[in-house]
Amino acid sequence: MKFAIIADIHSNLEALQAVIADSKQRDCTHYAFLGDFVGYCADPKACVDIVRSMNAPCVKGNHDEYCSTDLPLDGFNPTAAKAVEWTRKQLTADDRRWLRNLEYVRAVENFTIVHATLEGPERWGYVFDKLAAQASFSQQKTQLCFFGHTHVPVAFVVDSTVRGGTFTTFKIERGKRYFVNVGSVGQPRDNNPKAAYVLYDMDKTTVELRRVGYDIATTQRKIRDSGLPPRLA
């Protein structure tokens, strides 16, 4: 089995389509989604439709939670808050219900998926360093867990101590546990504009970070034309 692990689509249809096409070229057989399907970009409905049609395991992100409810947006910066308010109007009641009912954490085959952290996943904490990763390791019941939220791909590993760093490909080793950020499809924040996702080959026990180019100009134009904050483009 080969899984494409996909996070933080953020309504970016062009990036999502490019990632799915790339995964199919690499004989991907299964998919898992780590939340934040909506927010920021101009195609929330189309992205939700694609993901729902794939019938794959999904967990909820913070943008999914806020776009599917009428919760106050006190914790969002003004640009993100405007995107949430705009997105709420683009989704059907059924879309919002689907997003609202997603779980925060799920077990899939021999690994776990979560949007933010395993230690209080509903609080939307960020894992950038070893100390934050350790808190999630303390709650991790599988050898491997994939997460998103930061939009920065990084792998943390623990045996006797916690270590972390960037990665391209690595092999899962016995006696170690892994907490892996798969990067962002829709809005990368690691100074590489290409969409990011991970291929997890369960048979070979390998994790590979993929970077995929897409039509950024079209995404930008659609954001500007939609009435979303221009800064998001």
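- Summarising the geometry of V162 relative to Q134, their closest heavy-atom pair is CG2-OE1, 2.9 Å, with the distance given to 0.1 Å.
- Of the options V108, L102, L34, a side-chain contact (heavy atoms from CB on, under 4.5 Å) to P57 is made by V108 and by none of the others.
- Between the side chain of D22 and the backbone N or O of A18 there is no donor-acceptor pair closer than 3.5 Å.
- In this structure, H151 and H10 have tilted ring planes: the angle between them lies in the 30° to 60° band.
- Side-chain rings of F3 and Y31 stay apart, their centers remaining 6.0 Å or farther from each other.
- Proximity of a side-chain donor or acceptor of K2 to a complementary backbone N or O of R26 within less than 3.5 Å is detected.
- Taken together through direct or relayed side-chain contacts under 4.5 Å among Ile, Leu, Val, Met, Phe, Trp and Tyr, L16 and V48 form part of one hydrophobic cluster.
- Between the side chains of T142 and T112, at least one donor-acceptor pair of N or O atoms lies under 3.5 Å.
- Side-chain contact between L118 and V105 is present, with at least one heavy-atom pair separated by less than 4.5 Å.
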Could you go through the side-chain contact (heavy atoms from CB on, under 4.5 Å) check for I5 and F111 one step at a time?
CA-CA 11 Å; I5 314 294; F111 60 95; 4.0 Å; yes
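- Both W98 and L13 belong to a common hydrophobic cluster when Ile, Leu, Val, Met, Phe, Trp and Tyr are linked at side-chain heavy-atom distances under 4.5 angstrom.
- Once rounded to the nearest 0.5 Å, the distance linking NE2 of H115 with CD of E103 reads 15.5 Å.
- No single ILVMFWY cluster, assembled from side-chain heavy atoms under 4.5 Å apart, contains both Y40 and V51.
- Contact record, V127 with A116: CG2-O, 4.1 Å, taken as the closest heavy-atom pair.
- A salt bridge does not link R100 to D64: none of the charged nitrogens lies less than 4.0 Å from a carboxylate oxygen.
- Using the six-membered ring where Trp is involved, F33 and F37 have ring planes that are tilted, between 30° and 60° apart.
- Listed for the E119 side chain is no donor-acceptor partner under 3.5 Å among the backbone atoms of A135.
- Remark: D27 engages no residue in a salt bridge (Lys or Arg N to Asp or Glu O under 4.0 Å) (not counting sequence neighbours).
- At least one donor-acceptor pair under 3.5 Å links the side chain of R88 to the backbone N or O of Y66.
- Between R211 and D190 there is a salt bridge, with a side-chain nitrogen of the basic residue lying less than 4.0 Å from a carboxylate oxygen of the acidic one.
- Within the 3.5 Å criterion, the main-chain N or O of I9 finds no donor-acceptor partner in the side chain of D36.
- A heavy-atom distance below 4.5 Å is not found between the side chains of N181 and V152.
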Apply side-chain contact (heavy atoms from CB on, under 4.5 Å) to the pair E85 and L73, showing each step before the final yes or no.
CA-CA 9 Å; E85 291 169 349; L73 303 173; 3.7 Å; yes
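- The pair R52-D49 does not count as a salt bridge, with every side-chain nitrogen at least 4.0 angstrom from each carboxylate oxygen.
- Partners of D159 under the salt bridge (Lys or Arg N to Asp or Glu O under 4.0 Å) rule, at least two apart in sequence or in another chain, are R163.
- Considering only residues two or more places apart in sequence or on other chains, D201 meets the salt bridge (Lys or Arg N to Asp or Glu O under 4.0 Å) condition with none of them.
- I223 and Y214 fall into different hydrophobic clusters, defined by Ile, Leu, Val, Met, Phe, Trp and Tyr side-chain heavy atoms under 4.5 Å apart, directly or through other members.
- Taking the ring centroids of Y178 and F170, they lie under the 6.0 Å cut-off.
- Taking the ring centroids of Y200 and H30, they lie at or beyond the 6.0 Å cut-off.
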Evaluate the salt bridge (Lys or Arg N to Asp or Glu O under 4.0 Å) criterion for residues K60 and E122: first the C-alpha distance (whole Å), next the side-chain angles of each, then the deciding distance (0.1 Å), finally the verdict.
CA-CA 9 Å; K60 185 192 302 185; E122 75 286 352; over 6 Å; no
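- Between the side chain of T205 and the main chain of M202, no donor-acceptor pair closer than 3.5 Å is present.
- The residues E208 and R210 are annotated as salt-bridged, a charged nitrogen and a carboxylate oxygen being separated by less than 4.0 angstrom.
- Under a hydrophobic clustering in which Ile, Leu, Val, Met, Phe, Trp and Tyr are joined whenever their side-chain heavy atoms come within less than 4.5 Å, directly or via other members, V207 and M1 fall into the same cluster.
- In this structure, E65 and L99 have side chains that are not in contact, with every pair of non-hydrogen atoms separated by 4.5 Å or more.
- A salt bridge links R96 with D70; the closest basic N to acidic carboxylate O contact falls under 4.0 Å.
- Under the 3.5 Å distance criterion, the side-chain polar atoms of S184 are matched with a main-chain donor or acceptor of D8.
- Tested against L209 for a side-chain contact (heavy atoms from CB on, under 4.5 Å), the candidates V198, L199, V182 yield a single pass: V198.
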Would you sort out whether F167 and V180 count as a side-chain contact (heavy atoms from CB on, under 4.5 Å), showing the intermediate values?
CA-CA 10 Å; F167 68 99; V180 181; 3.8 Å; yes
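- Looking only at side-chain heavy atoms (C-beta outward), N12 and Q187 stay at 4.5 Å or farther from each other.
- Side-chain atoms of S11 come within 3.5 Å of backbone N or O of G39 as a donor-acceptor pair.
- A centroid separation of less than 6.0 Å is found between the aromatic rings of Y126 and H149.
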